[in-house]
Amino acid sequence: MSRQDGSHRRVSDPAHDDGTATILHIDMDAFFASVELLARPELVGRPVIVAHDGPRSIVTTATYEARRHGVHSAMPLAQARRLCPRAVVIEPHHERYGHASRTVMAILGRFTPLIEQVSVDEAFLDVSGATRLFGAAGAIGARIRAEVRVETGLVCSVGAATTKFVAKLASGMAKPDGLLVVNRDETRALLDPLPIGALPGVGARTQERLRGLGLVTVADVRTTAPQTITRVVGDAAGRRLIDLAHGRDRRAVTPRREEKSIGHERTFPADLDPVADADQLRAALLDLAERTCARARRHGVLGRTVAIKVRDAAFHTVTRSQTLVAPTQTGRTVFTTAWRLYEQSGMADRPVRLIGVRLEQLTGDVAGALWSDDVEWQATDRAVDAVAERFGAGAVRPARLLRGGDAAAGAR
DNA sequence: TCTGGGGTCCTAGGACCC
DNA sequence: TCTGGGGTCCTAGGACCC
């Protein structure tokens, strides 16, 4: 293994890279926070937290200065503030992240078309066909890091290995601002001592269950009888875990994956009373349905199943879904279905903390929509989309949302 | 400490069909 | 009259990831 670490200006040893690593994982460091610092350079070196500032917010990203105080992603903002009172909290700007992300992905595209973007700040590259032009994976990783830094002012870490899983592991170990190449014959030695939580798919629950079997490290998983493991974590998960523990991971880098569902959800700043705040609740659900469908239309997909999610004051969460006779991308239809599901959910008499809508079973078959009974709304939706395109989303909104006014808008 | 919002995948039971 | 097994679809919930 060879590590290039920005802070020490150590250059990775090209002789170490034996060419067996052909998959790269690129992961931006503290992405949202770093993008914000580009616009606020005076904050560089200070603890910075990116979070929407609400009573129930969580930390989206924190700079390493803030992380040193124990702040991390998904932590309640209130707690983060206690841990690091001096931290500057910045409101997220998703358009900026999207823009930076596209710039980074374009840089990656110079090396291979085989790019699988996992999220705004993360991607896998299969460079097996690019080494003749650009050298081994380690060399490509180093170039990517340099070009990203020069052209965006942002820092990323890169892992290279023979499989996706190990490449991702390597980028994580290289952080911050590093590069790590793991050759094939180094894989087992790297994996064996790691805690089982390092395996993708092993979260808190699974870790607990495996610990109940006395399994602590990846080596433990590798050397345990498969049935023992599948018995506690299920068939599919168990088999995958064992494979990963052996360093086996046949998942290919797949450039475009089709989306399976689209949805929106909202947590209210304070719980809504099902009776007194019924209008607000309806307005919120309609807004979520409209936004979900606007996105579906933009993506050219329809959903056959409408699903809702309701979370009560006690954080108890329930989902309900209904499959329609014909797929839809019409806000009105999704809203009516969703509202009915809510009323029948058994949650309709309790204070609501969160409500959400999701379109599932997506199909690109627009012809299917001709059979649906919401034809008359389709023209309206198209008109709304056209105005939104010219004047920005929110220029046209259903009357119900205006009436309830800024209660609904303010909940965002 | 008090828990966001966007998703994916898996499991399990029941309905229904052959 | 009671009882198969397999396959597919639908629904609910849970775990997990970024």
Side-chain angles (χ1 to χ4, degrees), chain A residues 25 27-32 49-61 70-83 91-92 94 97-98 101 117-124 164-165 168 171-172 196-210 230-241 251 254 257-269 271 288 291-292 295 299 304-325 341 344-347 353-362 411-412:
Chain A
H25 183 253
D27 202 338
M28 304 300 293
D29 293 352
F31 183 54
F32 290 6
I49 292 171
V50 177
H52 169 66
D53 199 348
R56 290 172 160 174
S57 297
I58 51 96
V59 173
T60 305
T61 324
V71 174
H72 58 80
S73 300
M75 170 183 281
L77 183 59
Q79 187 186 355
R81 279 212 165 98
R82 275 191 294 274
L83 286 171
E91 204 70 20
H94 290 279
Y97 316 142
S101 178
Q117 188 173 350
V118 184
S119 66
V120 273
D121 71 334
E122 213 184 298
F124 287 104
K164 278 180 159 184
F165 157 48
K168 182 169 168 59
S171 70
I196 43 179
L199 299 170
V202 180
R205 286 294 158 79
T206 306
Q207 214 167 327
E208 210 174 294
R209 279 180 213 162
L210 292 174
T230 50
R231 210 185 311 125
V232 295
V233 304
D235 227 42
R239 275 202 299 264
R240 207 165 31 86
L241 241 53
R251 293 173 300 162
T254 27
R257 282 179 299 177
E258 272 177 23
E259 55 200 343
K260 304 260 166 87
S261 70
I262 295 179
H264 283 288
E265 62 187 53
R266 181 180 305 160
T267 294
F268 300 103
D271 301 333
L288 295 167
R291 290 206 272 166
T292 299
R295 208 139 60 85
H299 294 207
R304 212 156 75 77
T305 302
V306 175
I308 64 155
K309 174 164 149 185
V310 186
R311 177 171 290 156
D312 69 11
F315 218 73
H316 176 236
T317 309
V318 135
T319 61
R320 293 289 182 272
S321 66
Q322 187 184 343
T323 299
L324 311 171
V325 259
L341 285 169
Q344 298 168 351
S345 68
M347 299 283 275
R353 178 191 180 93
L354 166 149
I355 195 150
V357 192
R358 183 159 288 279
L359 263 181
E360 300 173 347
Q361 295 217 71
L362 301 184
R412 278 205 297 276

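A note on names: the letters A, B, ... follow the listed sequences, proteins ahead of strands, and every chain is numbered from 1. Not measured: the values here are computed from a predicted model.
The side chain of A:Arg266 places no N or O atom within less than 4.0 Å of a non-bridging phosphate oxygen (OP1 or OP2) of B:dG4. Of the side-chain N and O atoms in A:His264, one or more sit less than 4.0 angstrom from OP1 or OP2 of B:dG6. Residue A:Lys309 has no polar side-chain atom (N or O) positioned under 4.0 Å from OP1 or OP2 of C:dG13. For A:Arg240, no side-chain nitrogen or oxygen approaches OP1 or OP2 of B:dC9 to under 4.0 Å. Put simply, A:Thr206 has a side-chain N or O that comes within less than 4.0 Å of OP1 or OP2 on C:dC16. When the side-chain nitrogen and oxygen atoms of A:Thr267 are compared with OP1 and OP2 of B:dG5, one or more of them lie within a distance under 4.0 Å. Between C:dA12 and A:Ser321, a contact under 4.0 Å exists linking OP1 or OP2 to a side-chain N or O. For A:Thr60, no side-chain nitrogen or oxygen approaches OP1 or OP2 of B:dG5 to under 4.0 Å.
Contacts of A:Gly356 with the nucleic acid, taken as non-hydrogen atoms under 4.0 Å apart, are absent. Across all strands, A:Ala204 comes closer than 4.0 Å only to sugar-phosphate atoms, never to a base (heavy-atom distances). Contacts of A:Val202 with the nucleic acid, taken as non-hydrogen atoms under 4.0 Å apart, involve only primed sugar atoms and P, OP1 or OP2. Backbone-only engagement by A:Thr323 is indicated by non-hydrogen atom pairs under 4.0 Å involving sugar-phosphate atoms exclusively.
Going from atom CD of A:Glu265 over to atom OG1 of A:Thr317 covers 9.0 Å, rounded to the nearest 0.5 Å.
The separation between A:Gln361 atom CD and C:dT11 atom P is 8 Å, rounded to whole Å. With rounding to whole Å, A:Phe31 atom CZ is found 15 Å from B:dG6 atom C1'. Counting to the nearest Å, the P atom of B:dG7 and the NE2 atom of A:His299 are 8 Å from each other. To the nearest angstrom, P of B:dT1 lies 17 Å from CZ of A:Arg81. In this structure, A:Lys260 atom NZ and B:dG7 atom C1' are separated by 11 Å, rounded to whole Å. Look at CG on A:Leu199: it is 17 Å from C1' on B:dC9, rounded to the nearest Å. For the pair A:Glu360 CD and C:dT11 P, the interatomic distance rounds to 10 Å; values are reported in whole Å. Atom CZ in A:Arg56 sits about 12 Å away from atom P in B:dC2, given to the nearest Å.
Between A:His94 and A:Phe32, the angle of the ring planes goes over 60°, which puts this pair in the perpendicular group of the 30/60° scheme.
C:dG4 and B:dG14 have their P atoms separated by 16 Å, given to the nearest Å.
Of the listed nucleotides (B:dC2, B:dT8, C:dC16), B:dT8 has the atom at the smallest distance from the side chain of A:Ser261. For A:Ile58, taking side-chain heavy atoms from C-beta onward, the closest of the listed nucleotides B:dG4, C:dG13, C:dT11 is B:dG4. Ranking B:dT1, B:dG7, B:dG4 by closeness to the A:Gln79 side chain, first place goes to B:dT1. If you check C:dG13, B:dT11, B:dG7 against the side chain of A:Arg358, the one that comes closest is B:dG7. When distances run from any side-chain atom of A:Arg353 to the nucleotides B:dG7, C:dA15, B:dG4, the shortest one goes to B:dG4. For A:Ile262, the listed nucleotide lying nearest its side chain is B:dG7; candidates were B:dG4, C:dC18, B:dG7. In the set C:dC18, B:dG4, B:dG5, B:dG4 carries the atom at the smallest distance from any side-chain atom of A:Arg311. Of the candidates C:dA12, B:dT8, C:dT11, B:dT8 carries the atom nearest the A:Glu259 side chain, counting heavy atoms from C-beta on. Closest contact between the side chain of A:Glu122 and the listed nucleotides C:dT11, C:dC18, B:dG4 involves C:dC18. Closest to the side chain of A:Asp121, out of C:dC18, C:dA15, B:dG6, is C:dC18.
A donor-acceptor contact shorter than 3.5 Å links the side chain of A:Arg56 to the backbone of A:Phe268. Between the side chain of A:Ser73 and the main chain of A:Thr60, a donor-acceptor pair closer than 3.5 Å is present. A:Gln117 places a side-chain N or O within 3.5 Å of a backbone atom of A:Ser119 that can act as its donor or acceptor partner. The main-chain N or O of A:Ser345 is found under 3.5 Å from a side-chain atom of A:Arg320 such that the two form a donor-acceptor pair.
Residue-to-nucleotide proximity on DNA chain C shows that, of A:Arg304 and A:Thr319, the 5′-proximal contact is made by A:Arg304. Residues A:Val233 and A:Leu288 each lie close to DNA chain B; by heavy-atom proximity, the contact nearer the 5' end of the strand is made by A:Leu288. Both A:Glu258 and A:Pro55 lie near DNA chain B, and the one whose nearest nucleotide falls closer to the 5' end is A:Pro55.
For A:Glu91, the CD atom is densely surrounded, since the number of other residues' heavy atoms within 6.0 Å is greater than 12. Crowding of A:Arg205 atom CZ: a count of heavy atoms from other residues, nucleotides or ligands under 6.0 Å not exceeding 12.
A:Phe315 does not qualify as a stacking partner of the B:dC2 base, lacking a centre-to-centre distance under 5.5 Å together with planes within 30°.
With a cut-off of 3.5 Å on both Watson-Crick or G-U wobble distances, the partner of C:dC18 is given as B:dG5.
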